[in-house]
There are 2 protein chains.
Amino acid sequence: MPSCFADRLGGIIELTATEIEALTRLEERERTLRRNAPLLRENDRLGELFVLRSGMMMSCAILDNGSRQILRFLFPGDIIGAAALAYRHAPETVVALSESVVSPFDRSLLTQLTTEHPRLAAAMLALDQIERVMLTDRLAGLGRTSAKARVASILLEVRDRTQHLSARGGDAAFVLGLTQEEIGDATGLTAVHVNRMMRQLEEEGLIGREGGRVTLTNEAALRRAANYVDRTAGLDLGWLPPSR
Amino acid sequence: MPSCFADRLGGIIELTATEIEALTRLEERERTLRRNAPLLRENDRLGELFVLRSGMMMSCAILDNGSRQILRFLFPGDIIGAAALAYRHAPETVVALSESVVSPFDRSLLTQLTTEHPRLAAAMLALDQIERVMLTDRLAGLGRTSAKARVASILLEVRDRTQHLSARGGDAAFVLGLTQEEIGDATGLTAVHVNRMMRQLEEEGLIGREGGRVTLTNEAALRRAANYVDRTAGLDLGWLPPSR
DNA sequence: CGCAAATTTGAACGTAGTCAACAAGTGTGG
DNA sequence: CCACACTTGTTGACTACGTTCAAATTTGCG
């Protein structure tokens, strides 16, 4: 039973045995969710956070015109409900996109963690920055790129984040696991237009499709079309305090 | 010489004298910028962060199609260049929108701060969450709201964040300090369309305009039009470790 | 097999972009 | 003090990207 969150942090910095042990305590409990099952609803009272252990989830906002905006996709190792560190009530809804397993843990565990392991607290600050930058990438995409680019970047994001875990190097083919409506809610488009863009990407030879599987037939061109930047590169955590 | 960042944190949690003193060390130096002066350019080597002490700035991304997306506006008390906590090179450009004063400080000061003041490190995690939620609000706005709503929300954001500092309660009139082009780059619109939306807001009696001044003649309606949510409310920092 | 969800396609529409011209500041140097 | 250049704001005509609505088709699944 490894700790998914320790794996995530471990991909960025060296962890000591005690640090790993402390992080493992965040994932002692476990809860399974079926596709479309909500984990948090906007305005729910908060108190716990979660580590996503397996599956794919999303966080989204429902606007009062009834439309939905997917704010981010969540993958194993991601922290869910971090808003609980600042707010009493959930600012966003979190739903499972596939069968998923989460580990709930109390906010108070972080009280302890930050005092006993300042290095981990600092690493979490750094992790927040990585996620903030990925969020601003999506913001720039929504504001200033074409429909085609936005759809392409969703494909790349899901591929990169699911394959990074299992096989390395990356298979060109993968299961998307999203409906076109969900892609639309992530990109600010309608499902109908997503369909047209997918078709266009296919006709241009950038991707192939069959059933739920997508194949990146011309990955380089797809990355160019999407304005894709890899935010896991170029890291520099040199400022972190030493362990303990 | 008060510390602007201490004021910001102090608005959220109680600070001890030692904590305030530690935070003050982040603002010992000072640097002035004229309007349009860049503080950081995308891909600059990082190493320092900054506290914005006065003025208004923005961070933005330049896409390779040449267009610009303003990612956020910065106000006194905001930390600039926090990406330095994770990256070697700046992922975004930061520019002064008005005459501004910043205090540069080295990353290593945070190494010290996080180990000696775990409570402050935890508070910074919470602050990140607030900013992350404000960012997702803008993301949802770009993806799923009308041009009019997006322009309206920029007006409200600038008003709230500039007036919060000086007078309380809030004057209905204020100086925007942004060109229509800049509003466009923040909302994902063209300057021309921003102009039409401003005019429309004026014709509908929601705002008044004269010179650089904007008057909120019907603030309630404007907030409704903008889908505006106040993210400084509903805070709960109860999990923070005790001081020292 | 039969039903519901998801995808696909076409046609008409509308919001926002593009291009262009002009007006109204703003600052500079002669 | 004015002439000039430059930036910003304003308006109109035309275009286009993406939406809306509707219907048909395919897929997944109990």
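Below, chain A is the first sequence line, B the second, and so on; all start at residue 1.
In this structure, CG of A/Asp185 is placed 14 Å from C1' of D/dT19, rounded to the nearest angstrom. We find that NE2 of A/His193 is positioned 17 Å from P of C/dT15, with the value rounded to whole Å. Between the P atom of C/dA16 and the CG atom of A/Leu142 lies a distance of 15 Å, rounded to the nearest Å.
Listed by residue number, B/Ser146, B/Ala147 are the residues of residues 143-154 of chain B with a heavy-atom contact under 4.0 Å to DNA chain C.
Map A/Leu189 and A/Gly211 each onto its nearest nucleotide of DNA chain D; the residue landing nearer the 5' end is A/Leu189.
A/Gly188 comes within contact range of the sugar-phosphate backbone alone, with a heavy-atom separation under 4.0 Å but no base atom that close. Nucleic acid contact class of A/Gly184 (heavy atoms, under 4.0 Å, all strands): none.
Distance alone, capped at 3.5 Å, places no donor-acceptor pair between the A/Ser103 side chain and the A/Glu30 backbone.
No salt bridge links B/Arg224 with B/Glu204; every basic N to acidic carboxylate O contact stays at or beyond 4.0 Å. The pair A/Arg231-A/Asp160 does not meet the salt-bridge criterion, since no charged nitrogen lies less than 4.0 angstrom from a carboxylate oxygen.
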Derivation and outcome, salt bridge (Lys or Arg N to Asp or Glu O under 4.0 Å), residues A/Arg159 and A/Glu219: CA-CA 11 Å; A/Arg159 208 287 296 257; A/Glu219 187 170 335; 2.6 Å; yes
Short heteroatom pairs, N/O only, protein and nucleotides 9-14 of chain D, under 3.5 Å:
from, atom 1, to, atom 2, distance (Å)
D/dG9, OP2, B/Gln180, N, 2.7
D/dT10, OP2, B/Gln180, NE2, 2.8
D/dT10, OP2, B/Asn195, ND2, 2.8
D/dT10, OP2, B/Arg209, NH1, 3.2
D/dT10, O5', B/Asn195, ND2, 3.3
D/dT11, OP2, B/Arg199, NE, 2.4
D/dT11, OP2, B/Arg199, NH2, 3.3

